[in-house]
2 protein chains.
Amino acid sequence: MSASIHLQPSGAPRKFEVTCSSCSLRELCLPGELCAEDLARVENLVYARRRVKRGDALFTAGGEFGAVYSVRSGFFKTSVLDNDGREQVTGFFMGGELLGLEGISGRYHASATALEDSEVCVLPYALIEQLSREVPALQRQLHAVLAREIARDHGVMLLLGSMRAEERLATFLLNLSRRFVRRGYSPTEFQLRMTREEIGSYLGLKLETVSRLFSAFQKDGLIEVQQKHVHIRDIGGLERVLAARH
Amino acid sequence: MSASIHLQPSGAPRKFEVTCSSCSLRELCLPGELCAEDLARVENLVYARRRVKRGDALFTAGGEFGAVYSVRSGFFKTSVLDNDGREQVTGFFMGGELLGLEGISGRYHASATALEDSEVCVLPYALIEQLSREVPALQRQLHAVLAREIARDHGVMLLLGSMRAEERLATFLLNLSRRFVRRGYSPTEFQLRMTREEIGSYLGLKLETVSRLFSAFQKDGLIEVQQKHVHIRDIGGLERVLAARH
DNA sequence: CGCAGGGTTGAGCGCTCTCAATATAAGTGG
DNA sequence: CCACTTATATTGAGAGCGCTCAACCCTGCG
């Protein structure tokens, strides 16, 4: 496993800006600062890799917590179950993102399901716990990742609590676009890995409403959709859907 | 500052079940296991106390992160602001609960406002960071608290994403009830500290809808409401509002 | 006493849901 | 490879829940 190391232009002495380009650990390495030897130790957190077939669970709600997972390739959803068995999708995860953080309290409270054949790095919590005591930068990164997860959830709460349907879908598409481009994919053309029902669950809408909105956005020239293939034609227009709160 | 210490009935040797009854640090002490000397160190995390007047901010979104706060007395709300200045309430916090965890990434991303004259313990992050390296039980508790916060948010997402208005309000009342009773107050009779508008924002409803639902619950004999005073007359009935998903 | 903030209630509208039919894609087994 | 089955997506018509707008009331406080 390799990592590219760049000297900081004007940083503190003995500090390096480190990117774990090949190990899918960006969340824990960036934008933290790790010296080269600590980086090697962080990389050793990767205890194993695990393949997960489309439709299979990486972990399930209620299961005993043991590890956090970093997505190497593929796509996941996380979801919690209602008392009556109804599903609420709480997030979608793509390459480089961390899964399972919410389990640290002892048990996973959500389930993670692969939406396509995927591969993850297994980061046993015992190792993270141990190492973050010895490497303060890792400790801080871990805390930062947890805090960002909370911030992300608050953003979703804002979306669910105060946006109308078309604003929700526009937000969703813009968010996907931003995450794809950070991973080197096209920001305007991509395949959705999730169904309309899963999108709807995440956005607090029914699948028919999602479908109708896709059609409406297409009619307005904002996007082109055909099943799971999406082509964003007017990013500014999508942003304007959000700006036009009345 | 004192703490009551109980030997565990059949625990591991040299481990104590510790409760920080007077220091408002339950979240970081329970259900963790700390030996007596570590407990003293955890209590020293409390760097200062701070009074916050009703309506004043404890911290504001965008402000630099420095400390986590434990509510000693009083009541807070946290909220994030929309691009257009609309407010989304993300949580309510009462005695013993921790505030500001989401700031660990560097800046607070939400604001905390006192809903009545309140007092908090200030826990500087630098101290937490330092001490949690030396006291594994604290480290684990900190992680657990963060993870529970994420789990809590997922619960709210489920509420906002898939419940109808009356289910949301019933959930809200039952949640308040449970939290009051844990603090030694009546589970069936309490004063709301927040306005209808703040409840509505939290639940993704308009204030008029909240008001109407209170009236409807009263007509159904589930509760008695008069302004901010609430008396729950039929907890089972409130629970049945949730069970009756169609 | 009068004002301001918060709460209640009513009438009507509109966004999103429900129910339903059809279309399209993705598997599956012969 | 094709016929069959199943999952997913699209679209329509109509209903209902929660919102908007508006009037009025209550309570605390200067």
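Just so we're on the same page: letters track the sequence lines, and every chain starts at 1.
Per the geometry, CE belonging to A/M163 stands 16 Å off P belonging to D/dC19, to the nearest Å. C/dG5 atom C1' lies 11 Å from atom CD of B/E197, rounded to whole Å. Protein atom CG of B/L115 is 14 Å distant from nucleotide atom C1' of C/dG6, rounded to whole Å. Here C/dG7 presents its C1' atom at 13 Å from CD of B/E198, a figure rounded to the nearest Å. The nearest whole Å value for the distance from the NZ atom in B/K206 to the P atom in C/dG12 is 22 Å. The interatomic distance linking A/K219 (NZ) with D/dG12 (C1') rounds to 14 Å, in whole Å. In this structure, the CD1 atom of B/I223 is 14 Å from the P atom of C/dG7, given to the nearest Å. Put simply, CG on B/L203 is 13 Å from C1' on D/dG18, counting in whole angstrom units.
Across D/dT10, C/dC15, C/dT9, the shortest atom-to-atom separation from the side chain of A/R164 is found for C/dC15. The B/Q226 side chain lies nearest to D/dT27 when the options are D/dT27, D/dG18, C/dG27.
Aromatic ring centres of A/F92 and A/Y202: separated by under 6.0 Å.
Checking B/A165 against A/V210, the closest nucleotide of DNA chain D that is more toward the 5' end is the one next to A/V210. Checking A/G204 against A/Q227, the closest nucleotide of DNA chain C that is more toward the 5' end is the one next to A/G204.
A/V210 has its side chain out of reach of A/F172: every pair of non-hydrogen atoms, C-beta onward, lies at least 4.5 Å apart.
Side chain A/R212 to base D/dG12: a donor-acceptor pair is found below 3.5 Å. With hydrogens and angles left out, the side chain of A/R193 and the base of D/dT8 share no donor-acceptor pair within 3.5 Å. Contact annotation: side chain of B/E208 to base of D/dC21, donor-acceptor pair present below 3.5 Å.
The shortest heavy-atom contact between B/E116 and B/G74 is OE2-CA, 3.2 Å. Of all non-hydrogen atoms in A/S105 and B/R148, the two that sit nearest each other are CB-CG, 4.2 Å.
Each of B/T188, B/I232, B/V230, B/L238 was checked for a side-chain contact (heavy atoms from CB on, under 4.5 Å) with B/S177, and the lone residue meeting it is B/I232.
Residue B/T209 has a polar side-chain atom (N or O) positioned under 4.0 Å from OP1 or OP2 of D/dC19. A/K228 has no side-chain polar atom (N or O) that falls below the 4.0 Å cut-off from OP1 or OP2 of D/dT8. In this model, the phosphate group of D/dT10 is approached by a side-chain N or O of A/R196 to a distance below 4.0 Å at OP1 or OP2. Residue B/T195 places no side-chain N or O under 4.0 Å from the OP1 or OP2 atom of C/dG5.
Among the heavy atoms of the strands, none lies under 4.0 Å from A/G55. A/L207 comes within contact range of at least one nucleobase, with a heavy-atom separation under 4.0 Å.
Heavy-atom contacts from other residues, nucleotides or ligands closer than 6.0 Å to CZ of B/R51 number 12 or fewer.
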